[in-house]
Amino acid sequence: MTSEIFKRKELVFALIAFLGLWLFLDYSVVEPGVQSVTADILKWATLLGGFMLIYGGLEALRYHSKVVYKKQRNWYWSAYFVAIVLVYVFSGLIQGSKGMIPQWLFNNMLDPASATMYSILAFYIISALYRTLRLRSIELAILSLVTIIVVAANDPIITIYVPQLTAVRDWFISVPNVGANRGFVIGAAIGAIFLGVRVFLGRERSLVR
Amino acid sequence: MTDVLTLFGTYIAIIITLAVYSYIIKETDLFRFAEYSFLATSIGWAILLGLDTINNVGISAISKGRYDYIIPIILGLLLFTRFSGKLWYLARYPVAFILGVGLGVFMRGQIHAMFLQQIAATVITPVTVDSLIILVGVLSVLVFFYFTREHKGALGYVSTLGRYFLMVGFGATFGNTVLYRINLAVGRIIFILRALGLLP
Amino acid sequence: MGWAKKMGEISSKWIYILLAILLVIPLLVPIPLPLTPSHYTMEVYETIESLKPGDNVLFVIDTGTSGWPALGPGVIALVEHLFRKDGVKVFFVEFESTSPPLVDRAVAAAPSASKKKYGEDWIHLGFVAGEETGKASFAADIRKVISVDYKYGKPIDEYPIMKNVKNMNDFKLIVEPTNAITWMEQAIRQWYTPYHVPIISIPPFLDVPWAENYYRAGQLKAYLAGTSGLAEYEKLLGMYGDATRGLAVMTTTHTYAIILFVIGNISYFLSRRKKEVK
Amino acid sequence: MVSFAHPLTIAILALAFIISYYNIRRAKIGTLPTLRRKIPAVDAIEQAVGRATELGRPIIFTPGLSSLETIDAPQTLAGLSILSYVSKLAAKTKTPIFVGVSKATILPLAQEIVKMACLEAGVPEAVETQHVEYLSDQQFAYAAGYIGIMAREKAASNIFTGTLWAESLIFAEAGHAAGCFQIGGTAVWTQMAFIVPTCDFVLLGEELMAAGAILSNDPEQISTIVSHDFLRLIAIALVLIAFALTLLKVPVLSYINGG
């Protein structure tokens with residue numbers, strides 16, 4: 001019977017609400033007793049963050065192992081994936097996360113792949129700038145012209161001959177942009193506040209599977 | 001032995017760098033090699049970090065006599081019930097703990113730093129033309145995202161003004177993204193040229 | 001009259017090939033460029049310059065390996081400048097998962113690091129999980145989330161530098177280079193707003209418009225902006241780093257972008273006028 | 001310097017609870033105001049589906065990179081509400097759809113939504129023409145998979161609404177080059193800069209969540225948008241009050257900075 005109680009989502013939302021409000025109120029109630037309990041709660045959450053990293057990894061391992069087992073599309077790449085993960089984890093367990101093999105994998109596979117991944121966007125953004133920044137409407141004219149002013153101001157050769165350009169760029173970024181960005185940040189904060197409130201009230205059912 | 005390994009490693013790094021760039025021409029098996037290497041090593045590294053965290057934060061506390069830290073370890077192990085058919089709902093509790101604490105920390109920060117401080121910062125003295133433009137920008141963007149009333153008449157003008165302010169913000173971001181993406185590419189090309197000995 | 005339309009539709013292949021060339025040439029044939037430090041760069045420089053012996057600086061590398069190619073030179077310059085200040089103690093810590101190994105990379109590239117003694121002048125505390133919760137937890141009580149240092153795995157209290165350093169109030173300055181504005185916002189929410197410790201940062205250049213907002217609001221004390229910002233800082237320190245080396249590439253690639261923009265719009269207006277005429 | 005930071009922070013949270021509860025109750029008894037501000041992209045969805053039907057080519061859709069168990073949940077939820085609406089429209093004319101999903105956790109949800117939408121449209125067999133596929137958790141593998149489908153299936157319309165990060169530039173650029181009728185939507189500021197010039201219609205920031213609420217006409221989601229508007233009015237008032245106080249030389253910022 002007790003398993004029925006633990007199944008109910010209300011208990012889960014009660015735990016979320018209690019912890020959320022405790023952390024929220026701790027922020028303003030400067031009580032040593034409260035502070036040290038909070039420091040422990042925060043530490044437990046950080047510790048669970050470690051479990052979350054492992055769970056995410058195992059979830060990926062399970063998915064790719066299933067792909068290999070069922071010989072689905074690209075199963076050999078999934079086999080390669082599983083092999084590398086296992087080599088990385090077991091060599092890490094034996095030699096420690098800074099051992100020779102884990103360091104080798106980090107420096108020669110993880111670092112080059114992740115460091116290069118975003119740089120391919122340099123090509124996409126140049127062709128997007130060429131193909132799509134057209135003065136088709138007032139809005140696109142504003143967006144395109146501000147973009148080109150920033151690009152020109154970031155171009156050292158142009159700023160030699162037109163030094164005021166950096167001042168024009170800095171004005172656009174520090175005045176109208178700050179106005180727009182601040183309005184957006186305040187709006188986003190409003191969205192975040194009500195997301196938290198709905199979760200605490202147990203209305204955000206989709207957040208807990 | 002080790003310098004053969006490091007040499008081999010450098011070549012693998014160059015191959016992966018070029019494999020990622022091959023994505024631009026066409027998505028080939030070369031890119032898949034880089035993609036799956038990236039996916040696998042980032043997962044492997046995350047698992048090791050997770051284990052280190054549990055050891056440094058959890059186990060070390062218990063070894064120092066804090067036996068109450070066995071509770072979060074058990075709570076963490078409950079996460080793996082998601083893999084079991086029967087007890088899957090128990091995994092909700094560690095997720096709830098992280099979510100509850102995360103939301104509490106996130107929301108107090110959002111209200112104080114991102115709501116109150118950003119509002120107060122909109123009107124810093126001395127009041128200049130620029131700070132008035134910022135004020136008009138903030139107000140018009142807030143009105144732009146207002147949904148309960150039809151944007152007609154005066155409200156329509158303010159909302160359109162808000163949209164134009166947003167366009168300036170997007171232009172500033174687009175221009176600076178060109179700078180950032182190109183710099184990321186430069187950093188990788190410097191790596192390749194240096195590995196090939198063409199740069200000091 | 002089809003050339004107007006064709007001008008606006010050059011195939012991506014040629015655009016990419018020309019871009020690739022313009023990316024590599026200036027690296028092999030360095031073009032010296034004049035640099036005048038902007039006020040953004042000077043504010044970061046003076047903030048570090050004003051540090052006194054005994055001041056503790058928290059250095060949070062949140063660039064990740066994905067941001068390192070662009071932000072790495074700036075991180076190295078800031079580490080070098082901090083190591084030039086006698087008596088200033090530097091504490092490295094990371095909240096982004098791929099960043100821990102970058103500390104050794106930055107310290108190895110900083111010439112003045114040889115003058116500094118690990119465990120007395122600087123220490124590498126390592127990775128803290130939990131992102132924003134980790135940052136709040138670290139600020140409340142360092143020893144709750146860090147028990148051993150990252151470099152040697154020894155308990156942190158064995159290092160003299162850790163004496164009477166308990167929580168965020170013991171830090172004079174936070175330096176947080178990052179490859180996403182979300183990491184900087186977490187630092188503002190969990191460190192600046194509650195503890196009032198000033199933050200200087202190197203934001204990813206695409207988030208400079210965001211950083212400017214927090215800088216104008218006083219939530220961010222100072223930040224380095226763009227390639228020129230990093231190159232200016234290297235010049236202030238008399239270093240010839242990768243930022244200065246890469247500055248020349250900004251000339252070729254950005255001029256190329258402006259030419260493409262002009263061509264694209266000329267083609268658009270000509271073909272649009274042709275449509276009206278028909 | 002006394003600080004009103006903490007009492008104000010608690011006051012705003014308490015206010016948010018009251019507003020949220022008030023609007024949820026109004027939603028139950030049906031006295032909730034409707035979201036009358038027009039969102040052009042919402043009306044454009046019908047145009048996007050119509051174009052695909054006319055050309056006899058499929059629609060391609062993605063609810064973004066994120067899942068429902070993160071702070072980005074509202075964007076993913078809005079993306080899935082828009083999927084349900086698009087799926088219903090397409091089912092009526094049996095226009096094929098290809099849905100690309102990045103997180104395995106929302107795959108079953110997306111499949112369920114498509115099935116329900118076809119049933120509600122009264123054309124249950126249309127489910128065969130609507131394919132939901134899990135692409136990859138990794139950002140760029142997901143992008144490669146998505147534009148791969150777009151090219152292979154010669155999509156006529158491309159709708160990508162939800163949490164989007166750097167990969168949105170690849171969607172937008174590929175779709176624009178392929179001549180797709182594009183509707184993009186996200187609340188991630190840096191990506192809005194890319195969808196505005198490359199898409200025919202856009203959902204910017206809060207517009208995405210409002211569109212999700214309108215299309216789902218789920219009173220719960222609409223009450224959320226109405227609650228946001230309450231606090232938005234209060235924010236506007238606070239800005240004006242702060243401005244007035246500053247003119248009277250009151251150091252507003254230091255009161256908020258908490259000493």
Side-chain angles (χ1 to χ4, degrees), chain A residues 7 12 15-16 19-20 23-24 27 44-45 47-48 50-51 53-55 57 60 77 80-81 84-85 88-89 92 97 104-105 108-110 112-113 116 118-123 125 139 142-143 146-147 150-151 154 172-173 175-183 185-187 189 192 196 208, chain B residues 9 12-13 16-17 20 23-24 32 34 36-38 40-41 43-44 46-48 50 53-54 57-58 72 76 79 89 92 94 96 98-101 103-105 107-108 110 114-115 118 130 133-134 137-138 141-142 145 165-172 174-175 178-179 181-182 184-185 188:
Chain A
K7 242 192 192 124
V12 176
L15 176 62
I16 294 174
L19 286 166
L23 261 303
F24 191 93
Y27 188 74
W44 286 16
L47 179 53
L48 290 176
F51 279 98
L53 284 171
I54 296 169
Y55 166 71
W77 283 119
Y80 170 71
F81 170 89
I84 294 286
V85 171
Y88 205 132
V89 172
S97 60
W104 188 91
L105 286 168
N108 300 311
M109 277 195 173
L110 177 56
T116 313
Y118 288 96
S119 64
I120 59 176
L121 288 168
F123 294 90
I125 198 161
E139 285 161 13
I142 298 172
L143 191 147
V146 172
T147 301
V150 169
V151 168
N154 287 337
F172 271 108
I173 290 178
V175 181
N177 164 68
V178 162
N181 191 271
R182 188 160 294 162
V185 162
I186 295 170
V208 175
Chain B
I12 289 287
I16 284 186
T17 303
V20 170
Y23 177 97
I24 304 160
R32 237 168 238 292
Y36 276 80
S37 306
F38 174 38
T41 45
I43 295 279
I47 291 174
L48 284 181
T53 301
I54 294 167
V57 176
L79 205 52
Y89 53 85
R92 285 185 179 150
I98 294 174
L99 201 57
V101 171
L103 270 177
V105 161
M107 272 179 61
R108 67 186 191 187
Q110 282 293 87
M114 297 303 163
F115 186 77
Q118 283 277 303
D130 283 353
I133 295 172
I134 291 177
V138 170
V141 165
L142 281 171
F145 287 116
F165 266 97
L166 285 172
M167 291 303 151
V168 173
F170 297 153
F174 200 117
V178 170
L179 178 70
R181 300 297 180 219
I182 285 186
L184 288 168
R188 287 316 293 166

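Labels below follow one simple rule: chain letters A, B, ... track the order of the sequence lines, proteins then strands, and each chain is numbered from 1. These numbers come from a predicted model, not from an experiment.
Here the side chains of B:Val101 and A:Leu48 are not in contact, with every heavy-atom distance at 4.5 Å or above.
If you measure heavy-atom distances from B:Leu179 to chain A, the contacts under 4.5 Å come from the side chain alone. Interface residue B:Arg108: backbone and side-chain heavy atoms are both found under 4.5 Å from chain A. With a threshold of 4.5 angstrom between heavy atoms, A:Trp104 approaches chain B through side-chain atoms but not through N, CA, C or O. Proximity to chain A is limited to the side chain of B:Val141, based on heavy atoms less than 4.5 angstrom apart. Using a 4.5 Å cut-off between heavy atoms, B:Leu48 touches chain A through its side chain atoms alone. Of the two parts of B:Ile16, only the side chain, counted from C-beta on, holds a non-hydrogen atom closer than 4.5 Å to a non-hydrogen atom of chain A. Only the side chain of B:Phe145 has a heavy atom closer than 4.5 Å to any heavy atom of chain A.
With respect to chain B, the highest number of heavy-atom pairs below 4.5 Å among A:Phe123, A:Tyr80, A:Tyr88 belongs to A:Tyr88. Looking only at heavy-atom pairs under 4.5 Å with chain A, the residue among B:Gly169, B:Pro94, B:Gly137, B:Ala13 that has the most is B:Ala13. Here B:Ser37 is the residue among B:Gly58, B:Ala46, B:Ser37 with the most heavy-atom pairs under 4.5 Å with chain A. If you tally non-hydrogen atom pairs under 4.5 Å between each of A:Leu15, A:Leu53, A:Thr147 and chain B, the highest count goes to A:Thr147. The greatest number of non-hydrogen atom pairs below 4.5 Å with chain B, out of A:Leu105, A:Val185, A:Ile125, A:Asn181, is found for A:Ile125. When each of B:Leu142, B:Ile24, B:Ile182, B:Ile133 is scored by its heavy-atom pairs under 4.5 Å with chain A, the top score falls to B:Ile24. The greatest number of non-hydrogen atom pairs below 4.5 Å with chain B, out of A:Ser97, A:Ala60, A:Gly92, is found for A:Ser97. For the set A:Val151, A:Val178, A:Val85, A:Leu47, the count of heavy-atom pairs under 4.5 angstrom toward chain B peaks at A:Leu47. Each of B:Ile47, B:Thr53, B:Ile43, B:Ile54 has some count of heavy-atom pairs under 4.5 Å with chain A, and the biggest count is that of B:Ile54.
Shown here for B:Pro72 and A:Phe51, the closest heavy-atom pair between the two residues is O-CE1, 4.2 Å. For the residue pair B:Leu184 and A:Ser119, the shortest heavy atom distance occurs at C-CB, 3.5 Å. Scanning all heavy atoms of the two residues, the minimum distance from A:Ala113 to B:Ala34 falls at CB-O, 4.2 Å. Summarising the geometry of B:Val105 relative to A:Leu23, their closest heavy-atom pair is CG2-CD1, 3.9 Å, with the distance given to 0.1 Å. For the residue pair B:Ala172 and A:Ile173, the shortest heavy atom distance occurs at CB-CG1, 4.0 Å. Residue B:Leu103 comes nearest to A:Gly196 through the heavy atom pair CD2-CA, 4.2 Å, listed as atom of the first residue, atom of the second, then distance.
The side chain to side chain contact (heavy atoms under 4.5 Å, CB included) with A:Pro112 is formed by just one residue from the set B:Thr41, B:Ile12, B:Val20, B:Thr17; it is B:Thr17.
For A:Asn154, the side-chain hydrogen bond (donor to acceptor under 3.5 Å, both in side chains) partners are A:Arg169, not counting sequence neighbours. Contacts of B:Arg181 classified as salt bridge (Lys or Arg N to Asp or Glu O under 4.0 Å), with partners at least two apart in sequence or in another chain: none.
Rounding to the nearest 0.5 Å gives a distance of 8.5 Å between CG of A:Leu121 and OH of B:Tyr23. Atoms CD and CZ, on A:Glu139 and B:Phe170 in that order, are 10.0 Å from each other to the nearest 0.5 Å. Note that CD of B:Gln110 and CZ of A:Phe24 are 11.0 Å apart. Values are rounded to the nearest 0.5 Å.
Ring planes of A:Phe81 and B:Tyr36: perpendicular class, angle over 60° (limits at 30 and 60°).
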